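To keep things clear, I will list the structure first and then write my remarks on it.
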Number of protein chains: 2
Amino acid sequence: MPKATFNKLKAEKKALITKAFLREFAVKPYDEASISEVVKQLGIAKGSIYQYFEDKMDLFLYLIEKANAVKAAYIAQIKRDDYPDFWSYFIELFKVGLNFDTEHHLESHFLFGLSQNLHSPSVKPLFDNMMQQAVQIFEELVKAEIEKGLFRNDIPTNIMAYSLFHTGRDMQEHLQFIGLVNPQKSIAEQLPVYHHKEELLMEHVQHYINLVKPAFNASDHDKS
Amino acid sequence: MPKATFNKLKAEKKALITKAFLREFAVKPYDEASISEVVKQLGIAKGSIYQYFEDKMDLFLYLIEKANAVKAAYIAQIKRDDYPDFWSYFIELFKVGLNFDTEHHLESHFLFGLSQNLHSPSVKPLFDNMMQQAVQIFEELVKAEIEKGLFRNDIPTNIMAYSLFHTGRDMQEHLQFIGLVNPQKSIAEQLPVYHHKEELLMEHVQHYINLVKPAFNASDHDKS
DNA sequence: ATAAATTATGACTAGTTAGTCACTTTAATT
DNA sequence: AATTAAAGTGACTAACTAGTCATAATTTAT
């Protein structure tokens with residue numbers, strides 16, 4: 001966590017520093033992100049950063065925590081119980097993600113980049129941990145659906161959870177793949193990733209969900 | 001491509017150099033892989049490498065080509081037409097992949113690592129290109145299945161292709177996630193990734209395929 | 001206004017890297 | 001055996017990096 005000095009900083013300066021580093025780590029993998037370059041951009045001394053944070057990793061963890069907290073507030077807005085089935089909930093999750101992106105594009109860019117640079121040696125253990133947690137949450141969701149008789153019960157839940165978790169990631173990646181979104185460019189232009197693409201995006205998500213739905217839903221392949 | 005000098009080298013030396021670099025690039029992302037370190041291990045001068053290759057990227061491209069060629073020979077062993085449905089073909093693809101891994105674990109490790117370090121800035125364009133090709137192949141496969149009436153036809157083929165392509169990757173990643181395989185450790189121990197895990201692996205693959213099968217197969221959701 | 005505490009600084013350390021090139025060694029040819 | 005061609009070398013360059021620390025500037029407290 002940041003040192004006391006950083007927290008005592010006035011909010012404006014704190015925000016400027018956070019923003020600059022979010023941008024840097026959004027564009028480059030951890031090991032290639034350069035503190036030297038960011039302080040140059042900020043016009044502050046490199047030594048200052050080490051008054052604020054223990055080291056590079058401390059700074060990085062702070063950014064993750066920060067961005068995750070902002071996103072978590074969006075996710076928490078919706079509850080599974082408010083939807084008739086998992087898939088309408090899943091789509092809604094995507095929609096709040098879209099709001100998050102529009103209203104906090106830097107944090108969104110950062111998390112987007114994070115999910116794509118998971119295998120840099122220095123972040124691997126860290127990321128594995130985050131992944132464990134994420135998949136665990138999905139496994140709970142899956143189990144609840146099975147309990148309700150809405151998901152099939154002939155496949156190990158951990159496999160279903162992992163696949164479901166990845167479906168979300170794959171959708172995002174695919175959007176990038178077909179050039180519908182361009183995170184790198186969006187960051188440079190300081191625009192949200194999905195800016196003015198909301199409808200196309202949701203259409204794409206709908207297709208994806210239509211595709212995977214029969215893989216999870218209980219029906220004839222259910223052995224119960 | 002490598003310089004003439006490299007090709008004139010006697011096969012044994014060529015193989016040793018190739019092996020050492022495959023190992024290095026298997027473990028680290030492109031930008032973190034160190035030529036200096038490998039030449040130290042090999043006990044040859046750094047200058048020699050630049051007698052063999054134009055630069056780091058030239059060396060890297062050579063390794064990709066090399067590893068891909070070896071794997072392609074395995075893939076080419078089987079043909080879709082020899083199987084009653086896509087999924088038995090898909091499983092067989094996995095099995096030859098397993099053979100490839102057993103018989104060429106270094107190349108296998110390298111390609112494994114490659115698929116996980118795709119977003120390093122320097123390799124991004126390169127990887128995007130490989131991805132385009134891979135997905136294109138999958139899209140052809142999907143189209144052929146639809147033609148045969150075996151896959152559903154109410155989802156854009158590019159979405160089906162992308163999802164299918166990722167299913168393979170996700171399966172691999174999941175095996176790593178649950179600790180069933182450990183590429184880093186396997187490399188250190190100079191063992192194939194899937195060594196002595198073949199049965200567990202195929203069981204896992206079978207589950208995964210059972211899961212996703214209904215997403216692709218034509219049935220009630222077909223609008224034809 | 002003075003003293004004390006806090007915050008900011010940037011030159012510096014020790015380490016890394018890819019790539020170069022004048023030179024030496026080895027091999028092939030005459 | 002002498003000459004030429006090819007292959008191998010390692011010190012060196014230039015460019016980076018994270019992190020340090022004695023000093024200077026600025027706030028805060030007295």
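These numbers come from a predicted model, not from an experiment. Residue numbers begin at 1 in each chain, while the letters A, B, ... track the order of the sequences.
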Just say parallel, tilted or perpendicular for the rings of Trp87(B) and Phe90(B), cut-offs at 30° and 60°. perpendicular
Between Phe216(B) and Phe86(B), is the ring centroid distance below 6.0 Å? no
Checking Lys66(A) against Thr18(A): is there a side-chain donor and acceptor pair closer than 3.5 Å? no
Between atom CZ in Phe53(B) and atom C1' in dT20(C), what is the gap in whole Å? 18 Å
Side-chain donor-acceptor pair under 3.5 Å between Thr157(B) and Glu139(B), yes or no? yes
Would you kindly say whether Tyr194(B) and Gln172(B) are connected by a side-chain donor-acceptor distance under 3.5 Å? yes
Just the rounded figure in Å: distance from P of dG19(C) to CD1 of Ile49(B). 12 Å
Quick one: label Ile44(A) by what it contacts on the DNA or RNA (base, sugar-phosphate, nothing), any heavy atom closer than 4.0 Å. sugar-phosphate
Distance-only donor-acceptor check, side chains Tyr89(A) and Glu145(A), under 3.5 Å: no
Parallel, tilted or perpendicular: which one describes the rings of Phe165(A) and Phe138(A), with boundaries at 30° and 60°? perpendicular
Using the 3.5 Å cut-off, write out each protein N or O paired with an N or O of nucleotides 6-8 of chain D and the distance between them.
| from | atom 1 | to | atom 2 | distance (Å) |
| --- | --- | --- | --- | --- |
| dG8(D) | OP1 | Lys13(B) | NZ | 2.9 |
| dG8(D) | OP2 | Tyr52(B) | OH | 2.9 |
| dG8(D) | N7 | Gln51(B) | OE1 | 2.8 |

Lys10(A) atom NZ is separated from dT7(C) atom C1', nearest whole Å, by 13 Å
Find every protein N or O atom lying less than 3.5 Å from an N or O atom of nucleotides 15-18 of chain C, and list the pairs.
| from | atom 1 | to | atom 2 | distance (Å) |
| --- | --- | --- | --- | --- |
| dT17(C) | OP1 | Ser34(B) | OG | 2.8 |
| dA18(C) | OP1 | Ala33(B) | O | 3.2 |
| dA18(C) | OP1 | Ile35(B) | N | 3.3 |
| dA18(C) | OP1 | Lys56(B) | NZ | 3.3 |
| dA18(C) | OP2 | Ile35(B) | N | 3.4 |
| dA18(C) | OP2 | Ser36(B) | N | 3.4 |
| dA18(C) | OP2 | Ser36(B) | OG | 3.2 |
| dA18(C) | N7 | Lys46(B) | NZ | 2.5 |

Distance-only side-chain donor-acceptor flag, Tyr208(A) / His204(A), under 3.5 Å: no
Residue pair Arg23(A) / Gln190(A), side-chain donor-acceptor N/O under 3.5 Å: yes
Would you mind reading off the bend of the helix from dA1(C)-dT30(D) to dT30(C)-dA1(D) from its two end axes, five pairs each, to 10 degrees? 10°
Are His104(B) and Tyr74(B) close enough that their ring centres sit under 6.0 Å apart? yes
